[in-house]
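Residue numbers start from 1 in every chain, and the chains themselves are labelled A, B, ... in the order their sequence lines are given, proteins ahead of strands.
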Protein chains: 2
Amino acid sequence: MATMHDVARLAHVSVSTVSYVLTGARPISQATRNKVLAAMAQLDYQPNAMARGLASRRSRILGLLMPMDERGLGATETAFVTGAAAAASVAGYHLVLSPVGGGNLDDLRRLASQRMLDGVVLMEVQLADERVTVLQEAGVPLVLIGRTADTSTLSYVDIDFDQTVRDAVAHLVGLGHRQIVYVNHSAATLASGYGPALRTRDAFTSAMTGHGLDPVMIAAEDSAAGGRAALAAAFAQAPELTAVLAMNETAIFGILGELTGRGLSVPDDVSVVSMVTSPQVAELATPALTAMTSPGSALGRIAIEALTRHLDGPADLRHQQLLPCTLEIRGSTAAPRRPALATSGPASNDGG
Amino acid sequence: MATMHDVARLAHVSVSTVSYVLTGARPISQATRNKVLAAMAQLDYQPNAMARGLASRRSRILGLLMPMDERGLGATETAFVTGAAAAASVAGYHLVLSPVGGGNLDDLRRLASQRMLDGVVLMEVQLADERVTVLQEAGVPLVLIGRTADTSTLSYVDIDFDQTVRDAVAHLVGLGHRQIVYVNHSAATLASGYGPALRTRDAFTSAMTGHGLDPVMIAAEDSAAGGRAALAAAFAQAPELTAVLAMNETAIFGILGELTGRGLSVPDDVSVVSMVTSPQVAELATPALTAMTSPGSALGRIAIEALTRHLDGPADLRHQQLLPCTLEIRGSTAAPRRPALATSGPASNDGG
DNA sequence: AGACTTCGTCGAAGCGCTTCGACGAAGCGG
DNA sequence: CCGCTTCGTCGAAGCGCTTCGACGAAGTCT
């Protein structure tokens, strides 16, 4: 491994001159610069990241703290990551993901205090999130994906759930649906303070009320079985439902299965809209799901841009931004067979 | 931020003594150790990772190079990551994931040459993989997940595709199936030298031949539509098929949809086995899929253990190991309705 | 009891870089 | 044409740690 010293010797300049060529911190004549560059090329020189970091007190590494659970990562998350990585690269930073699990706050504290990361993007933020406290105490610049309950002091980027739900409901209402059931995440998730679940719940209530309709929400476990149970519960509470809005990528397959099991066809008998869903998952279903596609890549890019602006710029303003999901109409929504009419029982159709 | 120097002063010892307490590189008396530990606690001291790394020439950071494409990560991959992270933590290393995309070999070279990573686990290895060359040239200790064509010099951990396919075929044959079709990844993927696709193809041929059966393989695009097309092709090539073996998590939902569309029920008319599939995905389908579950977590753990052993130990032997997937029987396989009998046309059943 | 080894600690020399102050050489306004 | 700023470069002082050699004090062996 060639060092800067080797380059300097070969180019007949001082070490500091080589450094200035690399960082551009001071002007260097074109002639000298060329000599240095030639020497670097000849020696196949690569600066040592840790030496740079130690001397400059900045690692130029950004961390993306991403809890990895057994559910895997959807296309939304990977789009987020690639968007973030691209933005980091543009700003001259490396992006690394750290699979910090739920429990180990100490690990997190250590990671944050070791000054290895110039800044951090925290994913899957809960309304009350201890990790935020830990990171703030460690003094690490921070951008949240999602929001804590108190949004006053922190930078965040989040999905505009209010707008997203409103758009989804508007689509369904526009098709003529009146009885729309919202299948949310589980009651436990709701109770744990998971922002998206809470915010969509409130947004759904307000959107439906705004249309003069009755908001029925069902909490579903994140599993196919949970989806089936949720659909049963939905029919129990709203026998005349013609549309299901769901934000639960796992349960939705159970919902679909149960619908088929009851002899109901999608979208003729029941329309289904899946929220915060990637095109890839939407296409897995038959028919492909009309969905609110999350702005994964943009979310990642904007989060990193906010972070690097904070790190490089002088003004360290907080950045707070909401991005709505976009409606993508596929095969799972249509006008209801019986628009706004009262019918008899839940499941007794001529099938499809 | 307190430094080691501050700790030394407060504890009335030299800086090197503090270092020895931290690293255990030399014996320190219990009394002195306690003084130092107390000082550290009082100052809330955290060692600076980059300074340690520079002085010791080891970052104690391991990189997991994981291509992130638009398909997202399945539960298999996340299990792999958590298994790897846990093993790294046990060995005293941090694990970070780097979302190195496909194209940027230069990025990879830079990352590897900057000495920021003590070692690297490379995922999604192709039979001919330039990234392996780049990493080897950079002199970074390396463990592959998957194998290159020439396995002689490198360490790797991989799924035992041969065994896995053999077990899957044995399960089906044991149930009485004779006409089994294997739905693989796409022809393009095959052509690109994707190891799992190639190895399962060969393993399927040999397993079927071993049972005296005719191996029919179909290449399917990684999409629901691809799955539907593949099933159509399968029926064209083997009208009497009673079982489908698939290694394509995306296409399998299309296969299932198409089966239903043809009025064929799973598992009564056709049995389906999904290979290298996580329980979570298997449960998404109705009925839940009998699957060969990949040993994700074990794969991750073993890869990291091999890497850290290489880094810490004196002998740097290469480690090569194969792990089979385990059969998990769920609802998508059963004895064929018409065991080994010739029937008329493809799709004309009394439904399910 | 003398010759060795081991224990516990210290001081100093780096690791490979950035950055500060300094300084000669230009460039420039008056 | 003199003082002043800017340009281009150098040398040196760290950044916060690890690690090596040294050395007195104890213990071990014969």
Side-chain angles (χ1 to χ4, degrees), chain A residues 1-37 39-40 43-61 92 94 110 113-118 139 311-312, chain B residues 1-37 39-40 43-61 92 94 110 113-118 139 311-312:
Chain A
M1 279 285 115
T3 72
M4 204 150 175
H5 189 243
D6 301 327
V7 175
R9 203 157 17 128
L10 182 60
H12 302 295
V13 298
S14 74
V15 179
S16 46
T17 300
V18 177
S19 176
Y20 292 132
V21 168
L22 223 49
T23 62
R26 284 193 186 178
I28 295 290
S29 73
Q30 195 57 50
T32 309
R33 178 190 312 280
N34 290 149
K35 274 196 306 186
V36 170
L37 259 17
M40 284 182 178
L43 294 174
D44 196 18
Y45 169 74
Q46 287 290 131
N48 179 304
M50 289 190 294
R52 295 190 88 162
L54 179 58
S56 65
R57 262 146 309 224
R58 358 185 56 258
S59 65
R60 304 208 71 87
I61 296 181
H94 273 298
R110 206 168 321 121
S113 309
Q114 287 187 148
R115 314 275 97 188
M116 190 55 128
L117 265 23
D118 283 354
L311 290 172
D312 295 330
Chain B
M1 281 285 114
T3 72
M4 205 151 176
H5 190 239
D6 302 327
V7 174
R9 205 160 15 136
L10 182 60
H12 302 294
V13 297
S14 73
V15 180
S16 48
T17 300
V18 177
S19 176
Y20 292 132
V21 169
L22 224 48
T23 62
R26 284 193 187 179
I28 294 291
S29 72
Q30 195 57 51
T32 308
R33 179 191 310 281
N34 289 150
K35 274 195 307 185
V36 170
L37 259 17
M40 284 180 176
L43 295 173
D44 196 18
Y45 170 73
Q46 287 291 131
N48 180 303
M50 290 191 293
R52 295 190 89 163
L54 178 58
S56 65
R57 263 145 306 218
R58 352 180 64 259
S59 65
R60 303 208 72 85
I61 297 182
H94 272 296
R110 207 169 320 121
S113 310
Q114 288 187 150
R115 313 276 96 187
M116 190 54 129
L117 266 20
D118 282 353
L311 290 171
D312 295 331

S.K.: Just to be sure I understand the geometry, which residues of residues 13-22 of chain A put a non-hydrogen atom under 4.0 Å away from DNA chain C?
M.R.: A:V15, A:S16, A:S19, A:Y20
S.K.: If the condition is side chain to side chain contact (heavy atoms under 4.5 Å, CB included), which residues does B:I61 pass it with, not counting sequence neighbours?
M.R.: A:M116, B:S59, B:H94, B:V96, B:L117
S.K.: So which pairs with a foot in residues 1-26 of chain A pass salt bridge (Lys or Arg N to Asp or Glu O under 4.0 Å), sequence neighbours left out?
M.R.: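 The answer is A:D6-A:R9.
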S.K.: Hey, can you pull the residues of residues 43-59 of chain A with a non-hydrogen atom under 4.0 angstrom from DNA chain D?
M.R.: A:L54, A:A55, A:R57
S.K.: Which pairs, with at least one residue in residues 43-55 of chain B and sequence neighbours excluded, count as a salt bridge (Lys or Arg N to Asp or Glu O under 4.0 Å)?
M.R.: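 Output for this query is empty, none listed.
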S.K.: Who passes side chain to side chain donor-acceptor pair (under 3.5 Å) against A:S113, sequence neighbours left out?
M.R.: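 Not a single residue meets the side chain to side chain donor-acceptor pair (under 3.5 Å) criterion with A:S113.
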S.K.: As a test of understanding, state which of B:V7, B:T17, B:V13 forms a side-chain contact (heavy atoms from CB on, under 4.5 Å) with B:K35.
M.R.: B:V13
S.K.: Once salt bridge (charged side-chain N to carboxylate O under 4.0 Å, His left out) is applied, do any residues pair with B:R57, and if so which ones, sequence neighbours excluded?
M.R.: none
S.K.: Listed by chain and number, what are the side chain to side chain contact (heavy atoms under 4.5 Å, CB included) partners of A:R58, not counting sequence neighbours?
M.R.: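 Partners of A:R58 under the side chain to side chain contact (heavy atoms under 4.5 Å, CB included) test: A:S56, A:R60, A:Y93, A:D118, A:L311, A:D312.
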S.K.: A:R115: what forms a side chain to side chain contact (heavy atoms under 4.5 Å, CB included) with it, not counting sequence neighbours?
M.R.: A:V140, B:M1, B:N48
S.K.: Name all residues meeting the side chain to side chain contact (heavy atoms under 4.5 Å, CB included) criterion together with A:A55; count only those two or more places apart in sequence or in a different chain, and write none if there are none.
M.R.: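 Per chain and number, A:A55 pairs via side chain to side chain contact (heavy atoms under 4.5 Å, CB included) with no residue.
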S.K.: Could you give the start and end, 5' to 3', of the contact zone on DNA chain D for chain B, using atoms under 4.0 Å from its heavy atoms?
M.R.: D:dG16 to D:dA22
S.K.: With sequence neighbours excluded, tell me which residues meet side chain to side chain donor-acceptor pair (under 3.5 Å) with B:S19.
M.R.: none
